[in-house]
Protein chains: 2
Amino acid sequence: MKIPSSSIPRISLYYRAILSLEAVSVTSSQQLATLTGCSAAQVRKDLAYFGQFGRPGSGYNIEVLKSELKKILGIDRKWEVALVGVGNLGSALLTYRGFKTQGFSIKCAFDNDTKKVNKVKQGIRIKDIDELERTVKSKGINIAIVAVPRGAAQGVIDRLISSGIKAILNLAPIRPRVPKGIELLNIDLSIELERLTYFLRQSANPLRG
Amino acid sequence: MKIPSSSIPRISLYYRAILSLEAVSVTSSQQLATLTGCSAAQVRKDLAYFGQFGRPGSGYNIEVLKSELKKILGIDRKWEVALVGVGNLGSALLTYRGFKTQGFSIKCAFDNDTKKVNKVKQGIRIKDIDELERTVKSKGINIAIVAVPRGAAQGVIDRLISSGIKAILNLAPIRPRVPKGIELLNIDLSIELERLTYFLRQSANPLRG
DNA sequence: TAGATTGTTAATCGATTAACAATC
DNA sequence: TAGATTGTTAATCGATTAACAATC
């Protein structure tokens, strides 16, 4: 069955929602809908793509659902992540505690700035970019976050892929080329801001400023 | 005419693509397609939502297109942005140079940590969160970026809205409630990483680690 | 004129919503 | 049993792709 790609981030939302429901043992598509801003039909549809987790008449057992959603999302295990680029944004990601609570752990960090190399941040000794291939291969890391300047991004991503990285979260403002079979997600903050200004421009509201 | 919301970030991509084409005076939907990874039909469709910018047989004049796309995206002017939360992520955004090149300028920054208040970063004196309403109102700012911890996010967003903010980029890992007419975009890095682990989990590739 | 390329319409594809029989 | 709620099918909606007449 074809699963809409848009259903995956919603599964993450449902998972977070049930984490906030520790006191009860059962929930419903309606409750999950209210908690996440999705429709109840959407919740049931999304869950049904992956199995029959509920009981008609009573709803979804929270412990069952929690465990199933973790399996679906692949977070029923720890994942080690490589970070490339320890500038302002990279440093922020290194200290971001939200990753750890979801089972992600930044295990190594690289930069090409010799002033940063060998400095320790959050218990991670920053490595020279030259050590990227060796380290990623030897640690068997599958996921990388790229937080380097625009001009360096494609080169870094090529090197990550040749080191065996299979999934990349790219924060540099380019659309890198990657071969088939590599999962790439781009987060471009300026593009997001432009979605906002498009809206403000269209808006009927009399804008100030 | 109804414009698909997914076409807006593509317009941003086309705009960036033509910025890299300074040497030539004309481009085509095929060239923009190659540069952005979209299809040529998609490029023409997206542009046609907003007007007739090209000439059959010859293509799109770059200067004309550049100016039209800026107008569409609302970046034919400067925008002042308020930043709430000057932790690691907020500091990174304050120093991010990519915003300025697209016409965005972080004009004020707030934090509730008295150790940070009155410190100057990137030429911005960090203000106490208590000054949020007064400052945003008096400066007539329409856009805010929220980079506070999960627990503080909804409260901050409520206050931003009551100060007149119309568009919010939220980086805290919650889905805030906002009234109709307020544009909200959520960027949740853990959810993005979970899209990657979903893919790795599904992947036929024998994964290492 | 011949070749190129747009803008637009129709066809396809994919995702969401609504409805409801089956189940507890 | 009556009320609640799932899982699934069908209907709707929206976005993308293909095709091509019109234009330069």
Side-chain angles (χ1 to χ4, degrees), chain A residues 1-14 17-18 21 24-69 72 175 191 195 198-199 202, chain B residues 1-14 17-18 21 24-69 72 175 191 195 198-199 202:
Chain A
M1 186 193 1
K2 181 68 179 62
I3 293 158
S5 62
S6 46
S7 109
I8 309 309
R10 285 196 303 265
I11 298 278
S12 288
L13 292 180
Y14 308 150
I18 57 175
L21 291 176
V24 293
S25 68
V26 166
T27 186
S28 67
S29 59
Q30 183 52 62
Q31 184 175 35
L32 290 175
T34 305
L35 288 168
T36 59
C38 305
S39 73
Q42 181 111 73
V43 173
R44 291 200 299 281
K45 199 89 169 77
D46 283 336
L47 297 179
Y49 288 127
F50 297 98
Q52 305 190 356
F53 307 136
R55 303 176 79 201
S58 49
Y60 301 93
N61 177 284
I62 291 214
E63 285 310 314
V64 169
L65 196 56
K66 196 192 292 184
S67 135
E68 293 290 345
L69 296 193
I72 293 167
R175 300 278 138 151
I191 287 184
R195 293 168 79 149
Y198 167 79
F199 163 81
Q202 308 300 311
Chain B
M1 186 194 359
K2 182 69 180 61
I3 294 159
S5 63
S6 48
S7 108
I8 309 309
R10 285 196 302 265
I11 298 278
S12 288
L13 292 179
Y14 308 150
I18 57 174
L21 291 176
V24 294
S25 67
V26 167
T27 186
S28 67
S29 58
Q30 184 50 62
Q31 184 174 33
L32 290 175
T34 305
L35 288 168
T36 59
C38 305
S39 72
Q42 181 110 73
V43 173
R44 291 199 299 280
K45 199 90 168 77
D46 283 336
L47 298 179
Y49 287 128
F50 298 98
Q52 305 191 355
F53 306 138
R55 304 176 79 201
S58 48
Y60 301 94
N61 176 284
I62 292 214
E63 284 311 314
V64 169
L65 196 56
K66 195 191 295 182
S67 136
E68 292 291 343
L69 297 191
I72 292 168
R175 299 277 139 151
I191 288 185
R195 293 168 79 150
Y198 167 79
F199 163 81
Q202 307 300 312

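Chain letters run A, B, ... following the sequence lines, proteins first and then strands; every chain starts at 1. Everything quoted here is computed from the prediction, not taken from an experiment.
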request  = Provide, to the nearest angstrom, the distance between the CZ atom belonging to A/Phe53 and the C1' atom belonging to C/dC24.
outcome  = 19 Å
request  = With heavy atoms under 4.0 Å as the rule, sort A/Tyr49 into base, sugar-phosphate or nothing.
outcome  = base
ask   = What's the CZ-P distance between A/Phe50 and D/dT6, to the nearest Å?
value = 18 Å
inquiry  = Need one value for A/Arg55: base, sugar-phosphate or nothing, where a base atom within 4.0 Å counts as base even if backbone is also close, heavy atoms only.
reply    = sugar-phosphate
request  = Check every atom of C/dA18, D/dA18, C/dT16 against the side chain of A/Ala41 and return the nucleotide holding the closest atom.
outcome  = C/dA18
query = Under 3.5 Å, side chain of A/Ser67 to main-chain N/O of A/Glu63, donor-acceptor pair present?
reply = no
query = Do any side-chain nitrogens or oxygens of A/Tyr60 fall under 4.0 Å of OP1 or OP2 in C/dC24?
reply = no
query = Is any side-chain nitrogen or oxygen of B/Ser29 closer than 4.0 Å to OP1 or OP2 of C/dT6?
reply = yes
request  = Measure the CD1-CG distance between B/Ile18 and B/Leu35 for me, rounded to the nearest 0.5 Å.
outcome  = 10.5 Å
task = Using atom CZ of A/Arg44 as one end and atom C1' of C/dT16 as the other, report the distance to the nearest whole Å.
result = 13 Å
inquiry  = Is there a side-chain contact between A/Gln42 and the phosphate of C/dT17, meaning an N or O under 4.0 Å from OP1 or OP2?
reply    = yes
message = Heavy atoms from C-beta onward define the side chain here; which of D/dA19, D/dT8, D/dA22 lies closest to that of A/Ala48?
response = D/dT8
task = For B/Lys45 and for A/Asp46, find the nucleotide of DNA chain C with the closest heavy atom, then tell me which residue's nucleotide is more 5'.
result = B/Lys45
key: A/Phe53 side, atom CZ; A/Tyr14 side, atom OH - distance, nearest 0.5 Å   = 12.5 Å
message = Tell me if a side-chain donor or acceptor on B/Thr34 pairs with a main-chain N or O of B/Gln30 at a distance below 3.5 Å.
response = yes
ask   = What's the closest nucleotide to the A/Ser39 side chain, out of D/dG7, C/dT17, D/dT16?
value = C/dT17
query = Does D/dA4 have a Watson-Crick or wobble mate here (both distances under 3.5 Å), and if so which one?
reply = C/dT23
query = For C/dT8, does either OP1 or OP2 sit under 4.0 Å from a side-chain N or O belonging to B/Gln52?
reply = yes
task = Working to the nearest 0.5 Å, report the span between CD1 of A/Ile72 and CG of A/Leu65.
result = 8.0 Å
task = Find the distance B/Ile8:CD1 to D/dG14:C1' and express it as a whole number of Å.
result = 15 Å
request  = Provide the Watson-Crick or G-U wobble partner of C/dG14, both distances under 3.5 Å; none if there is no partner.
outcome  = D/dC13
inquiry  = Are A/Ser29 and A/Tyr60 packed together at the side-chain level, in the sense that at least one heavy-atom pair is separated by less than 4.5 angstrom?
reply    = yes
request  = Specify the residue among B/Ser28 and A/Lys2 whose closest nucleotide of DNA chain C lies further upstream toward the 5′ end.
outcome  = B/Ser28
request  = In whole angstrom, give the distance that lies between atom CG of A/Leu32 and atom C1' of D/dT6.
outcome  = 13 Å
key: A/Ser58 side-chain N/O to D/dT6 phosphate OP1/OP2 under 4.0 Å   = no
Nearest-angstrom distance from the residue atom CG of A/Leu47 to P of D/dT6 = 9 Å
key: Length of the CD-C1' vector between A/Gln30 and D/dA4, whole Å   = 12 Å
